[in-house]
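Computed over heavy atoms, backbone and side chain alike; hydrogens, waters and symmetry mates excluded. In what follows, every chain begins at residue 1, and chains take the letters A, B, ... in the order their sequences are listed.
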Amino acid sequence: SLISLTSVAFLLRGNCKHVRTKDSPPNICGFNLILVPDIKICRLVNVKTVIPMVQLLNWRRGLFPQTKMAAPLTLVLILSVTIRAVLFRSSLAELISERVEVVSPLNAWKRGLFCYYVLQENNISLFFQTPLVIYLFHFVVDYAEIVFMIVDGITAVALYLAVQNYNKNVFRKQKYALEADRYPHDCLELMRSPKEMHYIPLKVAMFYLLNPFTILSCVAKSTCGLNNAVMALFILSTLKGSALLSAIFLALATYQSIYPLTLFAPGLLFLLQRLYIPVNPCRSRFWFFTVQYSVMFIGSLLVIVCLSFFLLGSWDFIPSVYGFILSVPDLTPNIGLFWYFFAEMFEHFRFFFICVFQINVFFYTIPLSVKLKEHPVFLIFMQIAIISIFKSYPTVGDIALYMAFLPVWSHLYRFLRNIFLVSCVLLACTALFPVLWHLWIYAGSANSNFYYAITLLFNVGQILLVSDYFYAYLRREHHLSQGLYLRRKDGSEATLVLK
Amino acid sequence: MATRHLFIELQTLNRRAKLKIIFAKFQCLCIIPALVGVDKKTCIQFCLCTFQEEMVIRPLYSGDIYASFQFRTQWDTDFLHDGKKVSHYRLFPKSLGQVLSKFSVRELHISFTQGYWRTMQWGQPFIPSPPGAELWVWFHHTVTDVDGNWKELTNVLSGIFCASLNFIDSTNTVEPSASFKPLGLGNATDHRFLRYATLPREIVCTENLTPWKKLLPCGSKAGLAVLMKSEKLFHSSFHSQAVHIRPVCKDWQCTSTAWELRQTLNVVFDLYTSGQGKKEWSLFKMFSRTLTEACPLASSSKIYVDVTDNPGGELFDLSPSSPLISTAVVLGDRRTYSVYDLTKKETFGQLRSLNLLLRWKGENDMLRPPLHAERYVSGFGLQKGEIHTCLYNSHPYRAYPVLLLDSLPWYLRLYVHTLTVTSKTRENKPSYIHYQPSKDRLRPHLLEMLVQLPPHSVTEVTVQFERALLKWTEYTPDPNHGFYIGSSVISALVPSIVAMDTNSTRDRPLFSSFFPTKEESSYFMRVYTEPLLVNLPTPDFSMPYNVICLTCTVVAVGYGSFYNLLTRTFQVDEPSAPLAKRLANIIRRLRGVPLL
């Protein structure tokens, strides 16, 4: 045991260069290490796992990378704005703004402009968009391009800050767990190091800003960008722990397109967790906070709805926006599952299937919240992904929002089963959408089934992607509690199965 | 004398029409009141009907012949008067009268048209109508449920005229705010009581003509109506039949109202190409019949032949010639007509039949109509498109405003903010725009605007639209043929050509020609554009089961994978023991020996 201890000390001395930071001289870091682990563990620890462990234990609250990240973020912002500006000025802008993949009847700029025009000229309230957005048109109609670029920037920065905050929390928790020796000892390679986490917020911002889906959505001036910004602000305010702001942004997002209602559960779970309130129905504190959060949410929702009413003087927008979302009267093709299904539906089954499909979106909230109650941020990711797959008028802008989170889960990469296949499917579908659309609508050499087939495949790809991440997340959690290298009773290497 | 007259009729007429006519005549002579003891006042009420029939023949410059029939029945009674139930009908068709009183209709205009009136080649028609069926109705202002009345009325009319008017529903009915004003008495301006609908796809044929002819007092047994043989009428370039009912003044002081029923039939024969290039026509050639008498119930029965361009007989020969000449300002132009009065015996000559014959000798230029319009869809593909409406003002120096009415079905998603109006490459902002947005599966778009047409110009109105994908049951049986979009309606007060002619040397007193007189300076004109044929994207109609299965499979893939991950837990895969070992263990357990 002495030999192993010395070898660890030796190793430490050799590797302290890696972990040295301004405030932590190598000696202290070595001291910490020797204090914490017991000799027995040290014997098991192999060379590979020592280094991250040392790094982990050295990380303290104040030591989280505070290096200058603003510069790269600014660069990404400038780059993305340049790309968008160039595209806005090119002849592609008009083409993009008419692509059915990029705009849906609910978020097309043209329709919004039309509603705005009709409202102004004829004083007739006609909605494809919520009244507040139409009212917003009043101010932004002349500077739409700049506004949409700024909105995208806000989303990216909000996501950046949110993820930075989240990573800090993750790291702190990991540290406490390590210090409390809660992880099995062969799991050290699952631990996350500050180095790999350092660039994650930047990657998230990049994934959002430079994602072709976001760029297309922005160039098409789809109001989906606004919805994404509201959602990102909701995530940010939740992760920062501001219950009121979180409720307000959630209410705004819900007001925009009903479906974000399902984010209520993860928002609540996160805030509870942050306040160290256990999710326990017997505790009055739990109920107190839940009621408090619900009242804030419902209150702000009511305020927003009443505000729309006072702006327009009629309740017409409720059936024409929410009825439109829920009853799917417009069957314009998009990348979702609804349009062709309801174009081909038998009339007497229509209502039944509309109910089934709409319930499907909200259905997963409760089981997912139960399963992931310890991991509300992953729950948010899952919910956003489910919404963007199963909502009635999805566009690529919705997909871009949940795809921005993928870098956050980069540590799950080793557990993903079919990421290669899924990325190939998604890429191929993205390329095939315009091709098959052209063949159907312009060339007339294909029919609607071609486009429909590609939407099916695209959605299967998305479902596999999301469920794969879900699987990987659960599996990692399992390993964190049970150990990485599991063995059977007879000592042979075990394979994990879902039972 | 009267009995003798009746006797002759008995001999010549078919039995059914005979009885009707005799009955009507007796009523008028007040024999029936005497017989059944009705007082004289009621009798007078019976008798206050007049029936007039006339036909106008206009040779067109393209070599075609335009024949326009009008039958006018006037009845001095008021259906809509409170507490008065009208149950005695004489010349006025009972089927229509009952409909009018039941649905409180103030004015009714219905037309069925086959073919498109080519304004540029044919000039203006006397009564314009769009291709297909058109129906517009003003309801009485006491009606509370206008939509309900309208729905029932269209269904009843559909039965009366054997037409598919029952396809008129809220998706193709509009309430124009300015284009359709009442043509009869009363200045109703509240367009809540107006309903307008067109069915551009309606095909007009014999089954619509027969019920239309039955509304005439003489049927098709006597008078001008004998010429209406469907095999000839429908072998033509243009055929349009219409019924117009409106309240009119009974006398010039307008002390009380009377009802006027006008049945019109317009037909254009292409005798030039079918007649081996000879510009020659006669009644017999057109209708395969000649005229032998007027309708005995008609107070006037006349044929007018337009001879304006032929004052000296250098252009064509008309035989038999008529000594009667009438001059009138028709559609802004001063026209001269030869008149044949069918109620006079000498019109029929010695053969006791009238067969008008006209032979062309020369060519002539046509005066271009001051206003005409055309419409088309531009763009390619099935995603979007643009509707162009071109309005031509051919007046050399007068600008005038026109009202443009467009009623477009909801499945064309019209973007009104893309509306542009340009004339002479400059923007021409409409001074009035009324837009009623559509509602999916409920209401069509209604776009009305007032556009000032500069003199001698083309004004182009464009608006962009997107084509919707419909439910598979909403397509017509031949979906790839396309969807017909009704004509747009252009209504205008057009400056007349007569008023242009200020340097006239005609025999008019000088004091009458300095200021243009009101009634001659401009006239009302309505022009219909072509209906549009628009293709929509179609789903695959053979796929419903497949689509339901495939989409549900994808949803099930999502559900299944989430369900799996949510309900199951990770466990180490322990291989199950082989069968022999398990059996051995069971036996060992029974024996009470430790297991293997």
Side-chain angles (χ1 to χ4, degrees), chain A residues 98 100 110-111 113-114 116-118 121-122 124 126 329-333 337 339-347 353 357 360 363-364 367-368 370-371 386 389-390 440-442 444 447-449 452 456 459-460 463-464 467 470-471 474-475 478 482 486-489 494-499, chain B residues 380-384 413-419 433-441 464 466-474 480 535 537-548 550-555 557-575:
Chain A
E98 276 160 1
V100 285
K110 202 172 178 184
R111 289 216 187 188
L113 208 60
F114 170 56
Y116 171 65
Y117 169 85
V118 170
E121 297 284 318
N122 301 24
I124 297 169
L126 174 84
D330 190 325
L331 302 170
T332 310
L337 293 169
W339 65 276
Y340 206 53
F341 188 72
F342 288 105
E344 294 269 8
M345 179 49 65
F346 296 103
E347 206 51 51
F353 273 107
F357 270 52
N360 187 42
F363 177 76
Y364 301 105
L368 278 177
V370 172
K371 187 92 177 177
I386 286 171
I389 297 168
F390 292 118
W440 172 28
I441 294 296
Y442 292 102
N447 67 9
S448 45
N449 294 342
Y452 165 65
L456 279 189
N459 281 299
V460 169
I463 288 169
L464 289 183
S467 59
F470 189 27
Y471 169 84
L474 292 179
R475 180 143 181 202
H478 181 79
Q482 303 294 321
L486 298 171
R487 307 221 162 251
R488 287 211 194 102
K489 281 177 199 159
T495 47
L496 267 185
V497 286
L498 277 170
K499 270 185 185 167
Chain B
F380 64 100
L382 298 175
Q383 192 180 2
K384 49 181 184 157
R413 305 198 186 282
L414 208 62
Y415 291 114
V416 178
H417 65 280
T418 60
L419 178 81
I433 296 183
H434 172 71
Y435 174 64
Q436 176 92 48
S438 72
K439 274 190 185 151
D440 281 6
R441 299 178 177 87
Q464 291 175 15
E466 238 170 52
R467 300 159 206 246
L469 183 76
L470 309 182
K471 295 175 190 168
W472 70 306
T473 46
E474 286 170 334
N480 291 310
N535 270 313
T538 53
D540 186 341
F541 294 98
S542 60
M543 283 282 280
Y545 287 103
N546 305 353
V547 169
I548 292 170
L550 290 171
T551 311
C552 286
T553 307
V554 171
V555 174
V557 165
Y559 178 82
S561 46
F562 290 131
Y563 180 81
N564 247 339
L565 292 165
L566 285 167
T567 54
R568 299 182 185 197
T569 51
F570 285 102
Q571 280 171 19
V572 172
D573 185 24
E574 293 288 348

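Here the two rings, on A:Phe346 and B:Tyr545, have centers that are under 6.0 Å apart. You'll find the ring centres of B:Trp472 and A:Tyr340 outside the 6.0 Å limit.
Of all the listed residues (B:Val416, B:Val557, B:Asp440), the one sharing the greatest number of non-hydrogen pairs under 4.5 Å with chain A is B:Val416. No other option in A:Arg487, A:Lys499, A:Lys371 has as many heavy-atom pairs under 4.5 Å with chain B as A:Lys499. If you tally non-hydrogen atom pairs under 4.5 Å between each of B:Asn564, B:Val555, B:Thr473 and chain A, the highest count goes to B:Val555. Per-residue heavy-atom pair counts under 4.5 Å with chain B were compared for A:Phe363, A:Phe390, A:Phe342, A:Trp339, and the maximum is reached by A:Phe363. Chosen from B:Pro539, B:Cys552, B:Ala468, B:Pro537, the residue pairing most often with chain A at heavy-atom distances under 4.5 Å is B:Pro539. Ranked by heavy-atom pairs under 4.5 Å with chain A, the first of B:Asp540, B:Thr567, B:Val554 is B:Asp540. Among A:Asn447, A:Leu456, A:Leu368, the residue with the largest count of heavy-atom pairs under 4.5 Å with chain B is A:Leu456. Options B:Leu382, B:Leu566, B:Val572 differ in how many heavy-atom pairs under 4.5 Å they form with chain A, and the most are formed by B:Leu566. Ranked by heavy-atom pairs under 4.5 Å with chain B, the list A:Val100, A:Asn449, A:Leu464 is led by A:Asn449. Taking chain B as the reference chain and counting heavy-atom pairs below 4.5 Å, the highest number among A:Leu474, A:Asn360, A:Thr332, A:Ile389 is found for A:Leu474.
Using a 4.5 Å heavy-atom threshold, the side chains of B:Glu466 and A:Arg111 count as touching. Using a 4.5 Å heavy-atom threshold, the side chains of B:Phe570 and A:Val497 count as separate.
Looking at B:Arg441, the atoms closer than 4.5 Å to chain A (heavy atoms on both sides) all sit in the side chain, from C-beta outward. Using a 4.5 Å cut-off between heavy atoms, B:Thr553 makes no contact with chain A at all. Both the backbone and the side chain of A:Tyr471 have a heavy atom closer than 4.5 Å to some heavy atom of chain B. Using a 4.5 Å cut-off between heavy atoms, B:Tyr563 does not touch chain A at all. If you measure heavy-atom distances from A:Leu486 to chain B, the contacts under 4.5 Å come from the side chain alone. Within the 4.5 angstrom heavy-atom criterion, no atom of B:Glu474 approaches chain A. Heavy atoms closer than 4.5 Å to chain B are found in both the backbone and the side chain of A:Glu98.
Here the closest non-hydrogen pair linking B:Ile548 and A:Phe353 is CG2-CZ, 4.4 Å. Of all heavy-atom pairs spanning A:Leu331 and B:Leu469, the tightest one is O-CD2, 3.3 Å. A pairwise comparison of heavy atoms in B:Thr418 and A:Lys110 identifies CG2-CE, 4.4 Å as the closest pair.
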| request: Take B:Asn546 and A:Glu344 through the side-chain contact (heavy atoms from CB on, under 4.5 Å) test and state the conclusion after the steps. | output: CA-CA 9 Å; B:Asn546 305 353; A:Glu344 294 269 8; over 6 Å; no
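Between B:Tyr415 and A:Phe114, the angle of the ring planes goes over 60°, which puts this pair in the perpendicular group of the 30/60° scheme.
Between the CG atom of B:Leu565 and the CZ atom of A:Arg475 there is a distance of 12.0 Å, given to the nearest 0.5 Å.
A donor-acceptor pair shorter than 3.5 Å can be found between the side chains of B:Thr551 and A:Tyr452.
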